[in-house]
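Heads up: the structure comes next, in structure tokens.
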Amino acid sequence: MDKVRTRFAPSPTGFMHIGNLRTGLYAYLFAKKNGGDFVLRIEDTDQARYVDGAVQVIYNTLKTAGIDYDEGPDKDKGFGPYIQSERKSLYLKYAMELVERGGAYYCFCDKERLDSLADSNGVRKYDKHCLRLSKAEIEDRLKSGQSYVIRQNIPAEGEGSYVDMVYGKVTVPYHDMEDCILIKSDGMPTYNFANVVDDHLMQISHVIRGNEYLSSTPQYNLLYDSFGWERPTYMHLAPIMKDETRKLSKRYGDANFEDFIQKGYLPEAIVNYIALLGWCPKDNREKMTMSEMIEAFDVDGISISSSIFDEVKMKWLNGEYIKELSDEKFYELSLPYFKKGISSKYDYRKIAPLLKTRVDILSDVEHKTDFLAQFGEYDKNIFITKRMPDLAIANASVSAALIALKNLDDWSVDSIRDCLSACAEAHGIKNGHMVSNVRVAITGTEVTPGGAFEMADILGKEETIKRLEFSKSLLEK
RNA sequence: GGCCCCAUGGUCAAGAGGUUAAGACAUCGCCCUUUCACGGCGGUAACGGGAGUUCAAUUCUCCCUGGGGUCACCA
């Protein structure tokens, strides 16, 4: 086999959504697995849809996702330019060659005529009207400056088929294809054409893309054939869905990479998760580094059916990644999510290590530390758990702890522990009940970033006493 | 509507004619922990329907149903 070369060819039309990224990831994994090159190409032939800054989004996303391209707009290895709008003259040249070879033809039909071709379902198919034009007539029209497009000339009979790496054999009758436009009236190529010309010129060996192209691929193969070019191997990927019936789209706001990063997902976790959405390694591993994925990547494991994006599972995976972070790293990454208003009052260095095993995504830090700034009326039934079944015990614990802690001068996790322990014993309260009750009493919440000692230590003596007093009266109500 | 493609628990998914039909997330329960969480153990839960082929179909074929894609001077 010739050298494996894959490409990722996004359009700069805004954010990069997860499905799109996954396509790029698979193309990258496949190339790397096979010792090949991964090429980035920007498909910006539709000027109307171009979004400012979107190219930068593509660069940034790939970079933070850890997907390094071997070639791209800023890494020309001799196949450039890698931005389609900069290749404009090239396409026209090839289109004219194709006209010479009979694989395409000039078309001068206007919108009205095209619209009149629509059938009762509103579906229209071009009738090859301009294919009948004589060479002289075409020359004349061209000379007079009449607006034109170049269309692909599809055979009326027969069918086109190819073997897809994941779908197997796909066959489409030529009759069902249209003589689609290759060069638009603005001189720019359509995707249908640019794609083929570029993939050939860039010596792409394996075309990896979404399965929306599954049935138009025979049409592209016709182009390769007309030019006498070797067809690439195709790998089409099933879409990632938002739910059973809707595909993940840019409209689904949370589906883009940037948003997930902002919510506090680790890039490695996102990449790991989306890799698993549609691919399963032979040994069924779930948590993998990029190099492990490259090593394990295998076409056999690619799903042929679509999969639904499940943020709950991605959250879990992210939590696994977070637990592996060093305390220092976690501190750095999560600090931005620690509310500024309370950061001056409480030491986040003390809180962060406690939080590490308790958050799935970094932004969880925000609400998990809410109790620091907010404390007030709460439902006293939260004292009750399976191990602490009685409010009277809560009441007793809080009253006793209040007195004991008031007299505690050396305020540290250890001294608070000892103090509470002695207090429990003195009052005949189980140690577990005591700490459980104190923990709830000083935080007002069921789930906290740590145990009673840590919470009291972080809150400080003054605040702890204040809260115990509040909870005491709440319990006495 | 034509054409192309798909169909295993709620979700991601192994399995490729004979399996007690894996595993993960979620969910539920138990245990651990001087406390919630973390962690450990376990439970509930699936082959869309109908015909064939076969000694035997979740697995192969066909039909139906359901879903997706495509039919643009968008990619």
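Lettering follows sequence order; numbering is per chain, from 1.
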Base-pair map of RNA chain B as dot-bracket, where | denotes pairing with a different strand and pairs are Watson-Crick or G-U under 3.5 Å: ((((((((.[[[..)..(....]]].(((((.......)))))....[[[[[..)....]]]]])))))))....
Nearest-nucleotide pick for A/R49, side chain only, options being B/rA14, B/rA75, B/rG23: B/rA75
Distance test, side-chain N/O of A/S307 to OP1/OP2 of B/rA13, below 4.0 Å: yes
Among B/rA13, B/rG68, B/rA24, the nucleotide that comes nearest once only the side chain of A/S303 is considered: B/rA13
Under 4.0 angstrom between A/K323 side-chain N/O and B/rG39 OP1 or OP2: yes
Sub-4.5 Å side-chain heavy-atom contact between A/I304 and A/Y167: yes
Between OG1 on residue A/T445 and CZ on residue A/F375, distance to nearest 0.5 Å: 9.5 Å
Out of B/rU35, B/rG69, B/rA75, whichever nucleotide has its closest atom nearest the side chain of A/R439: B/rU35
Among B/rU34, B/rG23, B/rG69, the one nearest A/S215 by side-chain distance: B/rG69
Minimum-distance nucleotide (side-chain atoms of A/K247 versus B/rU11, B/rG69, B/rU34): B/rG69
A/Q146 atom CD: more than 12 heavy-atom contacts under 6.0 Å: yes
A/F297 ring center within less than 6.0 Å of A/Y26 ring center: yes
A/C280 side chain, from C-beta outward: closest of B/rA75, B/rA13, B/rU34: B/rA13
Distance under 6.0 Å and angle within 45° of ring axis: A/R209 vs A/Y234: no
Which nucleotide in B/rG68, B/rA26, B/rU34 has an atom nearest any side-chain atom of A/V312: B/rA26
Distance-only side-chain donor-acceptor flag, A/Q152 / A/Y126, under 3.5 Å: no
Side-chain donor/acceptor of A/R358 to base of B/rC36, under 3.5 Å: yes
Any A/S305 side-chain nitrogen or oxygen under 4.0 Å from OP1 or OP2 of B/rG67: no
Any N/O donor-acceptor pair, A/R387 side-chain to B/rU35 base, under 3.5 Å: no
Close residues, residues 164-191 of chain A, relative to RNA chain B [heavy-atom separation under 4.0 Å]: A/Y167, A/K169, A/V170, A/T171, A/V172, A/P173, A/D176, A/E178, A/I181, A/K184, A/S185, A/T190, A/Y191
B/rC6 versus B/rG48 - spacing of their P atoms, nearest Å: 15 Å
Heavy-atom donor-acceptor pair, A/K313 side-chain to B/rA24 base, under 3.5 Å: yes
Distance-only donor-acceptor check, side chains A/Y213 and A/N195, under 3.5 Å: no
Least distance between heavy atoms, A/R467 atom then A/T443 atom: NH1-CA, 4.2 Å
A/N284 (side chain) and B/rA22 (base): donor-acceptor pair under 3.5 Å: yes
